[in-house]
Amino acid sequence: MADSVLIKGGSALLEPGRLTQADVLVADGVIRRAGKGVRSQAARVIDASGCVVAPGLVDIHAHLREPGMEYKEDVASGSRAAVCGGYTTVFCMPNTEPAIDNASVAEYVFDRGVDEGLCMILPHGAITVGRAGEVLAPMGEMGKCRAGVKGFSDDGSPLVDAEIMRRAMEYARTMGALIISHSEERSLSADGQMNEGYYSTFLGLRGIPPESEEIAVFRDIRLAEKTGARLHLAHLSTAGSVALVRDARRRGMEVTCEVTPHHFSLDESALMDYDTNLKMNPPLRSRADIEALLEGLSDGTIDAIATDHAPHAPHEKETEFDVAEFGVVGLETCLGLVMSRLVEPGVLSLEDALGKLTAVPAHIMEMERFGYRARLEEGEPADIVVFDPSAEWTVDPRTFKSRSRNTPYAGWGLKGKVTHTLFRGTVVVADGELVGAPETATLPARDEASTASTARAEGTKAKG
Ligand code: DOR
Ligand code: ZN
């Protein structure tokens with residue numbers, strides 16, 4: 001059988017919520033058999049004993065920076081990072097330059113994924129033209145184009161004007177689109193650098209109060225109730241936000257939400273060294289907020305785990321805290337953090353954690369419309385991750401396939417390591433390494449980067 005792969009002896013997620021000892025046979029991009037004792041003359045056998053075999057992970061929220069900021073990341077490098085982290089589908093945010101606010105940019109990003117990506121890259125579209133918060137973007141056109149945009153967000157910045165959010169939701173409802181809210185009340189968060197409280201006072205940094213997020217979460221939940229639009233809340237970080245979602249669900253609302261690994265694994269006290277790799281928006285919150293996020297994950301209030309992979313170049317991070325960019329990379333550490341911080345301590349079962357990384361985000365994004373359900377069943381596309389749940393490894397940003405290395409986890413010991421990733425039946429990661437001599441990330445050395453940024457700054461001065 002040509003191009004066939006037999007994944008043998010693993011513990012496989014053959015149906016949501018249940019791991020069973022099973023073999024998975026893949027051929028021509030599709031799962032051919034999944035069950036006990038599959039016999040085959042497969043061209044290749046992957047020994048998955050001791051490993052978990054699951055649908056490839058689905059990231060509902062990443063920043064791949066193309067077009068316009070390819071020095072941080074592009075679709076190709078982002079997809080390399082993704083498959084190394086076990087992902088086979090990545091939805092990327094439209095805060096690019098130009099923004100993904102029309103069909104031609106959406107198709108450009110989608111086509112880059114098809115041509116250069118190692119996995120499925122699907123763009124979200126902007127809600128407003130240029131993400132400027134003023135004029136609605138042509139969502140219908142983006143929805144109908146080749147990229148089939150389903151999710152719309154001005155993520156990176158909030159949609160300040162509630163009336164425009166209302167109109168966007170009315171529009172989204174008519175086309176069955178999903179509004180993804182970056183929930184932030186700017187009048188409260190402006191110039192903020194970290195969570196507001198003891199630590200921001202101690203460090204002398206301007207705070208971002210939890211209410212900045214919660215007021216916006218409340219606003220968007222109320223508007224979604226009014227308009228009947230489908231709403232997804234991005235990167236929830238506070239106890240109050242989790243409570244608002246829980247309440248909305250009790251009223252029967254279909255709102256969904258996500259949390260990132262950094263918000264459940266790190267709190268504001270980590271900022272004591274002014275490490276800009278801990279600067280992100282929303283900011284790291286308090287211990288009590290983390291407890292609430294963990295409770296929200298375990299009681300099902302929080303549907304999905306997303307990376308908010310936000311690559312930045314050294315010159316944008318190795319600078320004063322106030323001027324450093326917000327964001328951290330996450331595609332290559334997410335699974336390890338989920339295993340070490342959620343599964344190992346018993347916050348989530350392995351099965352539930354996998355659901356929040358695969359079938360649930362796939363369903364939120366209605367990937368069924370592409371014939372994809374993130375299930376290991378016969379006839380389904382063969383997007384598969386194999387990982388060793390007990391393998392321990394140390395995060396070394398120098399090995400990242402992302403073009404950027406802005407991670408707060410350097411030197412952390414994590415449990416749970418990807419061994420193989422298959423995308424449409426092709427092995428793209430084998431024994432933890434990218435297959436086929438991949439182009440490695442081209443990062444300037446620290447000296448070159450600072451020379452480049454000094455030159456740029458001087459250029460600007462000269463012009464001024
Ligand atoms: O930390 C963040 N980084 N939060 C955002 O909302 C945007 C993102 C980025 O694009 O860098
Ligand atoms: Zn984001």
Side-chain angles (χ1 to χ4, degrees), residues 59-74 78 81-82 90-100 109 122-127 130-131 133 151-160 178-186 189-195 208 212-213 216-217 220 232-238 241 257-263 265-266 268 270-271 275-285 304-317 319 321-331 333-334 361 365 402-408:
D59 193 2
I60 204 170
H61 186 157
H63 299 266
L64 299 186
R65 307 301 191 202
E66 188 172 356
M69 290 176 278
E70 292 85 351
Y71 67 97
K72 300 178 196 239
E73 193 81 285
D74 60 24
V90 176
F91 287 86
C92 57
M93 282 293 176
N95 61 338
T96 49
E97 279 175 20
I100 306 173
V109 173
L122 295 166
H124 292 316
I127 298 175
R131 300 173 53 257
F152 293 90
S153 182
D154 276 4
D155 180 62
S157 15
L159 220 177
V160 172
L178 176 72
I179 294 288
I180 304 174
S181 165
H182 169 116
S183 307
E184 178 182 346
E185 170 52 52
R186 264 283 153 88
S189 64
D191 301 325
Q193 303 295 323
M194 65 174 294
N195 189 40
I208 302 173
S212 155
E213 177 173 308
V217 165
D220 289 349
H232 176 78
L233 299 157
H235 44 50
L236 289 191
S237 70
T238 81
S241 297
C257 64
E258 73 194 26
V259 69
T260 70
H262 43 277
H263 289 116
S265 64
L266 285 160
E268 56 186 343
L271 281 147
D275 179 357
T276 56
N277 285 323
L278 294 152
K279 178 176 177 178
M280 68 284 287
N281 186 21
L284 299 178
R285 302 288 188 180
I305 299 166
T307 66
D308 199 2
H309 177 80
H312 291 293
H315 71 273
E316 296 166 323
K317 279 293 197 182
T319 175
F321 202 90
D322 300 38
V323 296
E325 295 275 4
F326 289 96
V328 293
V329 290
L331 286 166
T333 47
C334 183
M365 293 316 303
S402 169
R403 189 159 290 148
S404 294
R405 278 110 213 253
N406 49 303
T407 177

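Since the structure is predicted, the reported quantities are computational estimates derived from the model, not experimental observations. Each ligand, and each atom within it, is numbered from 1 in the order the structure gives. When a residue number appears, it is its place in the shown sequence, counting from 1.
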Is there a side-chain contact (heavy atoms from CB on, under 4.5 Å) between Glu325 and Lys72? Walk through the geometry before answering.
CA-CA 12 Å; Glu325 295 275 4; Lys72 300 178 196 239; 4.1 Å; yes
Does the gap between the ring centers of His235 and His182 come in under 6.0 Å?
yes
Within-4.5 Å side-chain heavy-atom neighbours: [X] and [Y]:
X      : Y      : answer
Pro408 : Leu266 : yes
Cys334 : Ile305 : yes
Ser181 : Val217 : no
Val329 : Asn406 : yes

Got the closest protein heavy atom to [atom], with its distance?
atom                   : value
atom 5 (C) of ligand 1 : Asn281 O, 3.5 Å
atom 7 (C) of ligand 1 : Gly156 CA, 3.6 Å
atom 9 (C) of ligand 1 : Arg65 NH2, 3.4 Å
atom 6 (O) of ligand 1 : His182 CE1, 3.0 Å

So which atom in Val109 and which in Pro67 form the shortest heavy-atom distance, rounded to 0.1 Å?
CG2-CD, 3.9 Å
For ligand 1, which atoms, with element, lie under 4.0 Å from some heavy atom of [X]?
X      : result
Ala310 : 3 (N), 8 (C), 9 (C), 11 (O)
Asp155 : 6 (O)
His312 : 11 (O)

Atom CG in Leu159, atom OG in Ser183: separation rounded to 0.5 Å?
10.5 Å
Hey, which protein N/O/S atoms does the Zn ion (ligand 2) have under 2.8 Å?
His61 NE2, His63 NE2, Asp155 OD2, Asp308 OD1
Answer with yes or no whether the side chains of Thr238 and Arg285 bring together a donor and an acceptor at under 3.5 Å.
no
Check the side chains of Glu73 and Ser404 for a donor-acceptor pair under 3.5 angstrom, ignoring hydrogens and angles.
no
Judged by heavy atoms only, the candidate from Met69, His63, Lys279 nearest atom 8 (C) of ligand 1 is His63
Is Met280 touching ligand 1 with its side chain, its backbone, both, or neither, if touching means heavy atoms under 4.0 Å apart?
both
Checking contacts here: is it the side chain or the backbone of Val328 that comes within 4.0 Å of ligand 1, counting heavy atoms only? Could be both or neither.
neither
Positive for side chain to side chain donor-acceptor pair (under 3.5 Å) with His61, one of His309, Glu258, His232
Glu258
Gly327 to ligand 1: N or O pair under 3.5 Å?
yes
Return yes or no for this condition: an N or O of Phe326 is under 3.5 Å from an N or O of ligand 1.
yes
In this structure, which one of His63, Glu184, His124 forms a side chain to side chain contact (heavy atoms under 4.5 Å, CB included) with Asp155?
His63
